Every structure is written in structure tokens, then in C-alpha cells.
Amino acid sequence: MQLRTAQMKFPSMNVGAGVKERNWKIKNSSETKAPGRKLQLRTTQMKFPSMNVGAEVKERNWNRRKKMRTYLVTGGAGFIGSNYIHYMFGKYGDSIRIINVDLLTYAGNLENLKDVAGRDNYTFVKADICDKEAISKIFAENDIDRVVHFAAESHVDRSIREPEVFVRTNVLGTAVMLNCARAAWELPDGSYRENKKFLHVSTDEVYGSLPEDETAFFYETTPYAPHSPYSASKASSDLLVKSYMDTYHFPANITNCSNNYGPYQFPEKFIPLVINNALQGEKLPVYGDGKNVRDWLYVEDHAKAIDMVQEQGRLFETYNIGGHNEKQNIEIIQIILETLQEMLSDDDPRKALVTKDLISYVEDRKGHDRRYAIAPDKIKKEIGWYPETMFKDGIRRTIQWYFEHEEWMKNVTGGDYQKYYAEMYKN
Ligand code: NAD
Ligand code: DAU
């Protein structure tokens, strides 16, 4: 069978060479030996001088892929998912393979991944996580080792206007992902194939709202009390994952993270919206009294935490991830305005636009949670993760990224966004 496969892949290779190749693969498999890449190439050339270089490279990639850890990332074309994929290729390079499944809703953007699109060890599949045939096909055709499940409807304001799509994607979509992974990984005796893991990316919003008292935090043991349709749908998806762990001993983790900021964030969310509006001299809408508190985390720190939880965390556990960086919304606006003033050169015409006069108090969000604050004690103690990026550095890096990606911003704020914005901020 193996011989046939090798022959199919390399029809010009004679049978003797096929046998030699098979023996060579066994002798040099990663289990027994992990030669450097250059060394491996030289060895192959010595053994099969007649093999052409193109075929040899394909064979090498194919061999490597067979034993590579394979990730199925859902929602990888969104904000956190695309940052995670960049982080993972930065860390693991060619030693992992990532399959990104994304429906490309208004929030998904392949431009976020153009740096990695040409990689040999990256595949994009456009599909809906609610489509169980499409998802089980991916599992059937690939030996998936890790699922990292980001795909969701993620914006609270949209959930207040249109809750059903949140229930469909976040609840049904998670159920489909769980079912397909379980079907692919579970053995007849109810145990699971070795070293398979599912990580469900969730939010601190499932815990509801904290009082303004600065000693109150969200812990992993805090009871769920979601308020918005978004957080209720995420809480439901978390409970589904928990039920799979309890009922089927399904190998999973849940992470509940605080507010992220950084490159590639869609400007319906507070920080990129403020940066974009300020640079255009447009009003900065502040909900209510502007004193709601969020705990901001730089997105790369989140990506790192997800990887650490999946590789070093205890299975079946939940880990809270947070920035220890609580700020009122009005403080965030002030910091952004000051940072923009520092970063814009004196001859940049936008400098004159960026002033406090842009701040505009608008009608409050319905059911607006007052304060979020994560206690990341467990992840720090058990895994050694902590938020590394100070807000003043993270916000500079974020603003710098938006300076350098004006075209990206122009593209995502085209037609549909304008309609959304006009409707959302008409009061
Ligand atoms: P996002 O809205 O930027 O991206 C969501 C991605 O999911 C998009 O690429 C979209 O196309 C895709 N998607 C939506 N519906 C889909 C479907 N039916 N099938 C396949 N793909 C679909 O979201 P984000 O901010 O990157 O958040 C990612 C995850 O992290 C979400 O699960 C969210 O709940 C969670 N989270 C976000 C934050 C935050 O601050 N943004 C904080 C904590 C947790
Ligand atoms: O806490 C994690 C959550 O953070 C994630 O689960 C969500 O996916 C993510 O969207 C985010 O939810 P928030 O509702 O906290 O983020 P948002 O950027 O929408 O708003 C941040 C705060 O700013 C919130 O208190 C509402 C306020 N706000 C927001 C917008 C868009 C304004 O005052 N004006 C605005 O125009």
C-alpha cells in the first residue's frame, strides 16, 4: 500500500527505488532520528540521484506533513484567530500544519492571512461550522491533532439587535465541532486516540458584571451570569463543552479571556473604532457615563496563552486569561488621543483633528455590564503564563499597525460597515 502510494506520487520512480525509499523513511523517521533540513536534502540526493528536485521536495514535504502536528483552527480569518495563526507559525514554523476553516462573514478577512497564505503547511477551507458534512469531511481527510475553536459571532451590540445568528453560530456551531471531533477521535471502548485535544476559546463575559469594588475579580469558580445574547450564547457553548467532558470524557479545555486589542481588529470594536474615528476627525461615541471598566489584553499575549494551555495545561480544566489592566472606557479614549498626538508628526494634517472635542456621550448599551476583571492566578500558577505587554506599549504597537494598514481599514469600512455604523450610532 505504502509502495503504491509512493509510486502514485512519483510515477517515474522505479520499484527498487520505492523499496529503498520506504526503508530509508523507516530508518530516518522522526521517531528514530531528526536530521537537520539541509542534511536530509543531501542524504536524499545521495540515495536517489535520479530523482528530480521538484519531486524530491514534494516527497520531503509530504513525509514531513504526515508526522506534523495538525491544527484545525475555526474562525482563523477573524481578529484573534488570525493573530493566533501568525503567532503559531512564528513559534513553530514548518513543524506544524494549520487548517483554517472560516465562513468569511463580515468579520472574516483573508487579507489578515495574506502573509501565510502561500505556506506549504497552511490550508484555508471556506465552510460554516454549523455544516456538519463540511466539518466531518475535514476530519475524515486529515488527521487532526488539535482543534482551536475561535469561530463565533463576537460583537455584543450586534447580538442585541440580532440574537438568533449568535445562537446558531455560537451554540449549534460549537455542538457540530464537538460532535465531529468526538466522532473522529473516540475509540470503540470510549477512550480517545492519543494526544488529541480541543480548545474552546471563550470570554469573561459569561461571568456577568462585577461591582466597582476593585477587590472583586472573575475566577474560574465564579458562577455564570451572562447578560447579553452574545454572552448567553458563549455561556451555552461553554456548558456544551463542559457536558462533553463530563459525559464522554472528551479531551478539552476552555479558556475565558478578557477584552483583546491589537492588529487586525475590526473597527466595530471600541479601540479600533476610536483610533479610526479620531484619525478622521469623527466623533468618538462613549456609551453611558464612560465609566464602564474592561480588562484589556494585547492579542499576542492571548495567542500565547492559548498555546500554553493546550500544551501545558491540565485537560478538562478551565483557565481564565486576563490583562490585569482594568481601565474605564473614557480613560482608554484619553490614552488613545494622547498616544496619537505623540505619534503623529507635526506636519501631519490629522494631528489637528485629534482632540478631546471629538468625545461624544451617546445612549448607553442595553444591559451594559459595568466592570470586567479577570484574576489570572490559576494560569500563572499552573502554567507560568502572565500578560507580558504593558498597555502603553501594546497601544503604540496597535496604533502603529493601523498607521501602516490604511488600505486594510479602507477596505473593511466600505459599504456594509457604513450601513451598520449609520444604523448603530443614529442616536
Ligand atoms: P471576530 O468576530 O473577529 O472573528 C470571528 C471569525 O469567525 C470570523 O473570521 C468569522 O468569519 C468567523 N465565523 C463566524 N461565523 C462562522 C461560521 N458560522 N462558520 C465559520 N466561521 C465563522 O472574533 P474575535 O474577536 O477574533 O473572537 C474570536 C473568539 O474569541 C470568539 O469565540 C470570541 O467569543 C472569543 N473572545 C473574543 C475576545 C475579544 O476581545 N475579541 C475576548 C475573549 C474571547
Ligand atoms: O470581554 C471580552 C469581550 O470583549 C469579548 O468576548 C467580545 O467578543 C468583545 O467584543 C469584547 O466585548 P465588549 O462589549 O467589552 O467590547 P466592545 O469593544 O464592544 O466595547 C468595549 C467597551 O466600550 C464596552 O464597555 C462598550 C464601550 N463602547 C463600545 C463601542 C463599540 C463604547 O463606549 N462606544 C462604542 O462605540
Side-chain angles (χ1 to χ4, degrees), residues 73-84 100-110 112-113 125-131 134-135 148-160 165-166 168-170 172-174 176-177 200-207 209 218 226 228 230-231 233-234 237-238 255-262 264-274 277 283-297 299 302 306 320-323 327-330 332-333 359-365 368-374 421 424-425:
V73 173
T74 71
F79 163 49
I80 307 177
S82 59
N83 277 283
Y84 169 80
N100 170 21
V101 56
D102 196 302
L103 185 60
L104 300 181
T105 67
Y106 78 94
N109 185 353
L110 286 182
N112 299 357
L113 292 160
V125 180
K126 183 171 181 213
D128 185 343
I129 54 164
C130 301
D131 177 350
I135 302 299
V148 183
H149 178 37
F150 293 99
E153 288 293 335
S154 70
H155 191 40
V156 174
D157 292 324
R158 290 187 193 251
S159 81
I160 293 166
V165 65
F166 284 72
R168 181 184 181 275
T169 299
N170 300 359
L172 178 63
T174 300
V176 169
M177 289 307 303
H200 177 60
V201 180
S202 192
T203 170
D204 59 357
E205 299 200 13
V206 298
Y207 299 122
S209 184
F218 293 140
S228 70
Y230 162 70
S231 52
S233 68
K234 290 297 289 188
S237 66
D238 291 13
T255 52
N256 294 93
C257 188
S258 63
N259 286 61
N260 285 215
Y261 69 101
Y264 303 108
Q265 188 166 28
F266 192 77
E268 64 187 352
K269 306 282 163 59
F270 188 53
I271 286 186
L273 185 146
V274 169
N277 282 19
K283 292 222 170 334
L284 309 177
V286 185
Y287 297 164
D289 65 2
K291 292 189 178 160
N292 299 66
V293 170
R294 296 292 182 266
D295 173 6
W296 293 97
L297 178 72
V299 63
H302 187 187
I306 288 170
N320 280 356
I321 304 170
K327 298 220 174 331
Q328 291 182 340
N329 295 335
I330 193 68
I332 294 287
I333 293 197
I359 295 173
S360 163
Y361 287 89
V362 300
E363 188 184 324
D364 206 355
R365 174 184 277 173
H368 197 175
D369 287 334
R370 191 63 175 168
R371 174 172 170 258
Y372 301 149
I374 284 273
Y421 196 91
M424 178 68 210
Y425 294 98

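Quick note: numbers below take in every heavy atom, side chains included, and nothing from hydrogens, waters or symmetry partners. Nothing here was measured: the structure is a model prediction, and the numbers come from that model. Read the numbers this way: they start at 1 and go in the same order the structure lists the ligands and their atoms.
- Comparing heavy-atom distances from atom 18 (N) of ligand 1 across Asp128, Ile80, Val176, Asn100 singles out Asp128 as nearest.
- Looking from atom 29 (C) of ligand 1 to the surrounding protein, the closest heavy atom is Phe150 O, 3.2 Å.
- Considering backbone and side-chain N/O atoms, Ile271 never comes within less than 3.5 Å of an N/O atom of ligand 2.
- At under 3.5 Å, not a single nitrogen or oxygen of Glu268, backbone or side chain, sits near a nitrogen or oxygen of ligand 2.
- The closest protein non-hydrogen atom to atom 42 (C) of ligand 1 is Ser258 O, 3.3 Å.
- Distances from ligand 1 to the non-hydrogen atoms of Asp102 include at least one value under 4.0 Å.
- The nearest protein atom to atom 4 (O) of ligand 1, hydrogens excluded, is given as Gly78 CA, 3.4 Å; this is a heavy-atom distance.
- Using 4.0 Å as the threshold, Phe266 has no heavy atom nearer than that to any atom of ligand 1.
- Considering backbone and side-chain atoms together, His149 places no N or O closer than 3.5 Å to any N or O of ligand 1.
- Below 4.0 Å from some heavy atom of Ser154 lie the following atoms of ligand 2, by number and element: 7 (C), 8 (O), 9 (C), 10 (O).
- In terms of protein heavy-atom proximity, atom 10 (C) of ligand 1 is nearest to Thr105 OG1, 3.3 Å.
- Ligand 1 has no atom lying under 4.0 Å from any heavy atom of Tyr264.
- Considering each of Ser202, Ala77, Ser154, the one bringing a non-hydrogen atom nearest atom 2 (O) of ligand 1 is Ser154.
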